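Below, chain A is the first sequence line, B the second, and so on; all start at residue 1. If you're wondering where the values come from, they're calculated on a predicted model, not measured in any experiment.
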Amino acid sequence: MALLEISGLHATAGDTEILRGIDLTLQPGEVHAIMGPNGSGKSTLANVLSGRPGVEVTAGTVLFEGRDLVEMEPEERAREGVFLAFQYPVEIPGVSNLYFLKAALNARLKHQGKPELDAIDFLELAREKMKTVEMDEALMHRSINEGFSGGEKKRNEIFQMTMLEPRLAVLDETDSGLDIDALRIVSGGVNSLRSAERSMLVITHYQRLLEHIVPDVVHVLAGGRIVKSGGKELALELEERGYGWLTEDAA
Amino acid sequence: MSLPGWAEDLRREGAEQLNELGLPTTRMEDWRYTNVSAIGKTRWTGSDGRGDDVSREELERLCFPVFACHLFVFVNGVFAADLSTLRAGSPQAEVRSLARLLEEEPDSLRGVLGAQASPKEAAFTAWNQQELRDGAVVRIPERADIEEPIHLVFLSEPGTEPTATHPRVLVLAGSRSRASVVEDYVTLGDGTFLTNAVSEVVVEPDAELEHVRFQREAVTGHHVSSLHARVERGGRLACHSISLGAALTRNDARTTLLGEGAEASLYGIYLGTGRRHIDNHTTIDHAVPHTTSRELYKGVLDDHSHGVFHGRIIVRPDAQKTSAEQSNKNLLLAQGAQIDTKPQLEIRADDVKCSHGSTIGQMDPDALFYLRARGIDGDEARRLLTRAFVSEVSGALRFEPLRDRVEEQLVELLEEGA
């Protein structure tokens, strides 16, 4: 069974139709990249998958392991193993990173019927995973993302992902605002999670990220539709030729 | 039990003032938003002693976390020795029942009691003074350093008739001392009650005092309080006003910085659910040069509750180098909830640093979604964000168990709703 199967998806944000018929299938273990110009609907697709309020599915289906994802609350999706790495991670003063992440992990473990972690086991696991994204432990004792640099926020997203071990990871422009070193660290974290059971949807504007996280398939999104799909070489072609040659038809 | 003559004079003065003033009405600027006519119309019975016996177990449930070293319990305004503990071996703080102290040492508080809290222009203070009888007197000797908080519990146990109590607290922090005093207002039962408390606080030179008013009474009653504090040279006062209970709450807090280097930090947390009404009026008076004040009040208002914040800062003409910061932030959780917030700066010196600001906002939908997108359910996420909102204030409390309890109880009461 496909891990994710999107068919004929239409979605609106506010009163505007943004997604206008998306078909996309992810098999377990596959990494797909979604590229496209600004305003093509990339982030809306990420929002539909994570269940952000304000985005409404008007037609089509999204099946996650054969089940209707659209019907699920955002927290249910997370517990089922859907993870969104946010383009703009939110700062939440007063809620500690570690407390939050422990609650999140235990919610997922409980949902899977696995034993929850106590504070000591959790901290041990967190310390180990922090190393994979070269995260400073001091940051973990602070409030969620509060005062973090752009790169630290993105690393925190990937750190959370390594802790939660999702089945489907959606990376929404994770490369935006990252310098080369941060990009290398973040990509390393993502690559360490690649496995035969885990699928990823990597949303990006630039080909640069895909040098580090090499996709199996590249889709070009324009005007709310996938206008072209191909292998990883499609990303290079886009880098050279831009989006114009693909988007003229879509518009 | 008879009072010394000077205390009888105070009672008489209170009665005269109350008679002259009457209770405030909404035509008065300071009472515009807070209608106490229901208090005026009720026939209140005095609270002569105790109703049913209160068990220690019940008491500890109501005023958790109990600080066992110095626990002083007043039931309906009267000292309950059997429920109180002053552990032997911690003789540093002198905590006494006002009634007993006046009986045993009639002259010891002459000119001290009532020196801060004037009944003039203050009807509720006058009423409290008219009913003057018992309360708590806390004296921290010079240079004493008392780690454990002094926990004063004022338990209302209203009977079948509406019951009014008028607690009185006097805290004298001797120079260079360090201590923490918690006034804890709780209710047993669901009868109608009025708590009308007056606290007087004196922070002597270089003393450091934390003063906490934790009000978590039942919604079947009203809570009116006034706090009158004086901080002398180099003294530091941290006041916490936490209002989680009662149908109507009105707190007046007046702090005067009377010596150079004096500092006051005023922290407030208030919760509105149902149709509860919470009004905080604070005044900070910078009377001399080189004094500092910080004020942070935060409110969480749900349903049809109504919050009022009025923060007045006075800088006297020669109080140069004053530094004053004031902030009032409100989290409105429902369409019907309301806040009236007003700063009032009266600055008569020119070389000062004063700032003020207020915010009114809803729960951040992006933060809520972020938590949910990681698997935390909606209710828990809202609890976390509400706690986080007030933790900026509760975080300033010295004792972690109290900090946790304030946050937990606020969230519990919010979920119970009206």
Side-chain angles (χ1 to χ4, degrees), chain A residues 46-55 72-97 99-112 116 142-146 153 156-157 159-161 163-166 168-170 172, chain B residues 240 242 267-271 296-300 327-331 333 357 359 361-397 400-411 414:
Chain A
N47 290 339
V48 165
L49 295 175
S50 59
R52 185 189 276 271
V55 179
M72 293 184 206
E73 295 292 330
E75 54 266 39
E76 274 179 86
R77 302 177 195 211
R79 291 174 197 166
E80 286 285 342
V82 178
F83 181 93
L84 170 69
F86 282 68
Q87 184 180 359
Y88 302 109
V90 184
E91 295 195 18
I92 310 183
V95 180
S96 105
N97 259 308
Y99 179 88
F100 155 65
L101 192 52
K102 180 164 168 276
L105 178 58
N106 279 335
R108 172 135 166 80
L109 290 173
K110 192 177 168 191
H111 186 75
Q112 292 173 299
E116 296 178 35
R142 302 219 317 240
S143 295
I144 299 171
N145 294 323
E146 194 185 25
K153 283 180 185 168
N156 194 19
E157 294 294 291
F159 165 60
Q160 291 174 16
M161 182 169 133
M163 289 292 288
L164 296 171
E165 302 194 328
L168 170 67
V170 180
D172 187 6
Chain B
H240 290 262
I242 302 151
Y267 300 102
I269 293 175
Y270 46 98
L271 169 70
L296 176 61
Y297 269 63
K298 278 192 159 187
V300 177
S327 173
N328 172 232
K329 298 180 185 172
N330 296 279
L331 179 61
L333 297 176
T359 62
Q362 277 112 37
M363 196 167 276
D364 178 3
D366 290 334
L368 193 59
F369 177 64
Y370 190 80
L371 297 176
R372 295 180 71 193
R374 293 291 178 261
I376 294 170
D377 78 56
D379 289 341
E380 178 62 18
R382 274 182 280 272
R383 272 194 290 274
L384 271 175
L385 292 176
T386 306
R387 268 190 85 142
F389 176 75
V390 297
S391 69
E392 188 187 359
V393 188
S394 52
L397 284 162
E400 205 176 322
L402 188 58
R403 209 182 291 165
D404 287 344
R405 187 57 195 146
V406 167
E407 294 172 16
E408 276 159 19
Q409 200 159 4
L410 181 137
V411 167
L414 189 59

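Heavy-atom distances place both the backbone and the side chain of A:Arg52 under 4.5 Å from chain B. A:Asn145 touches chain B through its side chain: at least one heavy atom from C-beta onward sits under 4.5 Å away, while N, CA, C and O do not. At a 4.5 Å heavy-atom cutoff, B:Leu368 makes no contact with chain A through either its backbone or its side chain. For chain B, no part of A:Tyr88 is nearby; none of its heavy atoms comes within less than 4.5 Å. Only the side chain of A:Gln160 comes within contact range of chain B, judged by heavy atoms closer than 4.5 Å. Only the side chain of A:Ile144 has a heavy atom closer than 4.5 Å to any heavy atom of chain B. When heavy atoms are compared at a cutoff of 4.5 Å, A:Pro89 approaches chain B by way of both its backbone and its side chain.
A donor-acceptor pair under 3.5 Å is absent between the side-chain atoms of B:Arg374 and the main chain of A:Glu75, judged by distance alone.
Among the candidates A:Gly54, A:Ala78, A:Pro166, A:Pro53, the residue making the largest number of heavy-atom pairs closer than 4.5 Å to chain B is A:Ala78. Looking only at heavy-atom pairs under 4.5 Å with chain A, the residue among B:Leu371, B:Asp366, B:Asp377 that has the most is B:Asp377. With chain A as the partner, the residue from B:Gly375, B:Ala388, B:Ala367 showing the most heavy-atom pairs under 4.5 Å is B:Gly375.
Across every non-hydrogen atom of B:Leu384 and A:Val95, the tightest pair is O-CG2, 3.9 Å. Closest approach of B:Ile376 and A:Ala103 over heavy atoms only: CD1-CB, 4.1 Å. The two residues A:Gly94 and B:Ser391 have their closest heavy-atom pair at CA-OG, 3.8 Å.
Within 6.0 Å of CD in B:Gln362 there are 12 or fewer heavy atoms belonging to other residues, nucleotides or ligands.
Atom OH of residue B:Tyr370 and atom CD of residue A:Glu157 lie 3.5 Å apart, to the nearest 0.5 angstrom.
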